[in-house]
Asks: 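Got a structure for you, questions after.
Order of the sequence lines sets the chain letters (A, B, ...), proteins ahead of strands, with each chain counted from 1.
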Amino acid sequence: MTAPTTAPTTPPATAPPLPAARLAWLHLRYQVLETVRVPIAVLGNLLFPALAMFFFVVPQREVAGDPVVATTAVAGLALFAVCSASLFTYGLGVAEDRQLPFDPFVRSLPVGAAPQLLARIGTGAAFAVLGVLPLVAIGAFLTEASVTLVRLVAGVGTLVLASVPFVLLGMAVGYSLSAKAALPVVQVLLFPLAFAGGLFLPPQLFPAWLDAVSQATPTRAARDLLVQALTGEPGSAWAWPVLTGWIALLAVLAVVAYRRDEGRRFR
Amino acid sequence: MTPDPHRAHVPAVVHLDHVTRRFGDVVALDDVSLAVGPGELVGLLGPNGAGKSTLLSLVAGLRRPDAGTVRLLGGDPRDPRSRTGLGVTPQETGLPATLRVQEVVDFVGGHFPDPVPTPELLDQLGLGELARRQTGALSGGQKRRLAVALALVGRPRVLLLDEPTTGLDVGARQALWDAIREYHGAGGTVLLTSHYLEEVQALAERVVVVDRGAVRADDTLDAVLRRVSLRRVVLTAVEDLAGRPGVVRAEGAGDGTPARQTLYTPDADALVRDLVTTGVEFHDLEIRGASLEEAFAEMVAPEGAAR
């Protein structure tokens, strides 16, 4: 052990921290690395939407046989997969991370809320896209669902964007609650949101009042945008303002929850 | 270095000003003020639950005080900018088990503008061979060394060490102490907590005793050791002996009736000689050397409570 290496640097009292983008990239790389080291987590993400597709869409000829309906069904399931992965990964994952002793250590490093939240969003988006790949493959080979390459790219882009409010919602839950409390809250949020958003049943079947409620949900807005991107069928004009509104609101909630969080709660 | 919390000309690197922090009904820190100057090696001593870890968590920006202000290197520790000069050890149980040793060090070092190159740091702490091992496979002593490596990787100006050697064998403890001394020798400021007197005795120049959320003593190591290496003289006497020369603290005097009194003094022989030559009536004399632990426990007992 020699002295120079551990010698503290004398100049400025408060050296500027590294740029947020560099820190976000650093956290992103390590979150992906940690996730990949537990392959079952990645596999679960890949398998769940694919299985749902096999059981609920492929056997129904009236759905699987019609290009537009089949494509819409793939879109709904893909979005549900993304919502569920985001809410569980972040709602539950963040709450669990906060109970690990490494979390307070990371919070003592010179890094603020933004890079960590950005990295989590990036990791969520990357694994969400990965999870949708088998779904797209099944949709293409086993149903009449069809899409042009341009529309597929637009769809994936929309899907990544659509995951943002759910990642933020998950983080707001994860940073506010313990893991035990986060699990039921995530479940209670996910299914009504998915149903009201028309991910299971097409919203054309909704009564007028439910359709009105549905229009205000982030799931419906995301679904409409996704269907629009994939099939070219025009969606609601409200979809963009509703989705961006939710993103803004949930971003504020997530940042507030992160700032209020002081690790484990003591009472 | 003589501790003087009010040295105006040298700005403190860690500064707590009338800080109070509660957890529900429990007051973890009660109006605590503490200033640590650059280059000091301060030992925070106190029983479990005294408020030591709460104090460190405030300095590390993990919690905010309910009242008062905490400054780290002149800034708010909750602002990441203030923490570029801070090094903290994670708890050994808290390392991400699936990451490799070098990956964890690279990750932590990546937060600092001028990190120590990972291979160099690992070699210094004797972890070079283990660079590609997953942290979950390390022994307790290796995890401690990795924890210290993570605290040092950013070339910090202030090092916070929370119970750095708890549960280590003698050799591993000595090696870590050497690393801490070396860092301090190069000009670094260290604030370390321990509930081992021995550890604080081996490292610190200044000792701050914390108990029940308050600073009970803040002095040089020597002065605190003098304070705690007292002898205990127990005897029964009518006269209140608290005011005798050499008595630092006394308990149990009666009101004109014979009472069992306990007198604390650095020099029991001189006290007894004094009692005999001045003709004080006493009986059942007992003299015990208060052990460090015992004396320390006395020191952190609630004031005014005779026990």
Side-chain angles (χ1 to χ4, degrees), chain A residues 1-20 22-39 41 97-116 119 258-267, chain B residues 11 13 23-26 28 57 60-64 73-75 79-86 88-96 98-99 103 107-108 110-114 116-117 120-121 124-126 134 150 152 154-160 175 178-179 182-183 185-189:
Chain A
M1 298 185 193
T2 45
T5 319
T6 49
T9 45
T10 15
T14 46
L18 298 176
R22 199 170 135 191
L23 289 172
W25 176 237
L26 178 75
H27 278 251
L28 179 75
R29 271 169 27 228
Y30 279 86
Q31 277 172 24
V32 169
L33 188 60
E34 265 196 277
T35 312
V36 172
R37 287 275 159 84
V38 189
D97 276 359
R98 281 171 49 232
Q99 290 173 346
L100 297 176
F102 197 64
D103 180 67
F105 172 72
V106 172
R107 295 170 73 94
S108 77
L109 295 172
V111 55
Q116 296 188 56
Y258 176 88
R259 294 237 167 103
R260 278 169 47 91
D261 173 43
E262 298 191 333
R264 282 174 276 192
R265 298 271 178 235
F266 299 95
R267 265 191 256 272
Chain B
V13 292
F23 294 111
D25 293 337
V26 181
S57 71
L62 296 177
R63 301 200 165 95
R64 79 177 91 230
L73 296 164
D79 179 349
R81 277 173 298 179
S82 307
R83 300 198 297 264
T84 47
L86 179 72
V88 178
T89 46
Q91 290 176 29
E92 73 167 285
T93 50
L95 298 163
T98 57
L99 292 187
E103 288 167 351
F107 171 67
V108 174
H111 289 81
F112 296 92
D114 178 28
V116 181
E120 195 180 321
L121 184 66
Q124 278 188 342
L125 288 161
Q134 290 191 341
L150 295 181
L152 291 173
R155 302 184 202 270
R157 296 175 58 203
V158 184
L159 194 56
L160 302 183
D178 286 344
E182 208 171 293
Y183 165 81
T189 308

Asks: Given side chains that start at C-beta, do those of A:Pro110 and B:Arg81 come closer than 4.5 Å, heavy atoms only?
Replies: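 No. Closest side-chain heavy atoms not under 4.5 Å.
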
Asks: Relative to chain A, which segment of B:Thr89 carries a heavy atom at a distance below 4.5 Å: side chain, backbone, both, or neither?
Replies: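 Backbone only.
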
Asks: Given a strict heavy-atom distance threshold of 4.5 Å, which part of B:Gln134 is in contact with chain A: side chain, backbone, both, or neither?
Replies: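 Contact with chain A involves the side chain of B:Gln134 alone.
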
Asks: Would you find a donor on one side and an acceptor on the other, under 3.5 Å apart, between the side chain of A:Arg107 and the backbone of B:Leu62?
Replies: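 No, A:Arg107 side chain to B:Leu62 backbone: no donor-acceptor pair under 3.5 Å.
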
Asks: State the OG1-CG distance between B:Thr84 and A:Leu109, to the nearest 0.5 angstrom.
Replies: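 B:Thr84 atom OG1 to A:Leu109 atom CG measures 11.5 Å (nearest 0.5 Å).
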
Asks: Which atoms of B:Leu99 are under 4.5 Å from chain A, going by heavy atoms: the side chain, the backbone, both sets, or neither?
Replies: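 Contact with chain A involves both backbone and side-chain atoms of B:Leu99.
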
Asks: Measuring heavy-atom distances to chain B, does A:Phe105 have an atom under 4.5 Å in its side chain, in its backbone, in both, or in neither?
Replies: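 When you check distances to chain B, only side chain atoms of A:Phe105 fall under 4.5 Å.
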
Asks: Going by ring pair (Phe, Tyr, Trp, His ring centres under 6.0 Å), name the residues that satisfy it together with B:Phe107, two or more places apart in sequence or in a different chain.
Replies: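 So B:Phe107 forms a ring pair (Phe, Tyr, Trp, His ring centres under 6.0 Å) with A:His27, A:Tyr30, B:His111.
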
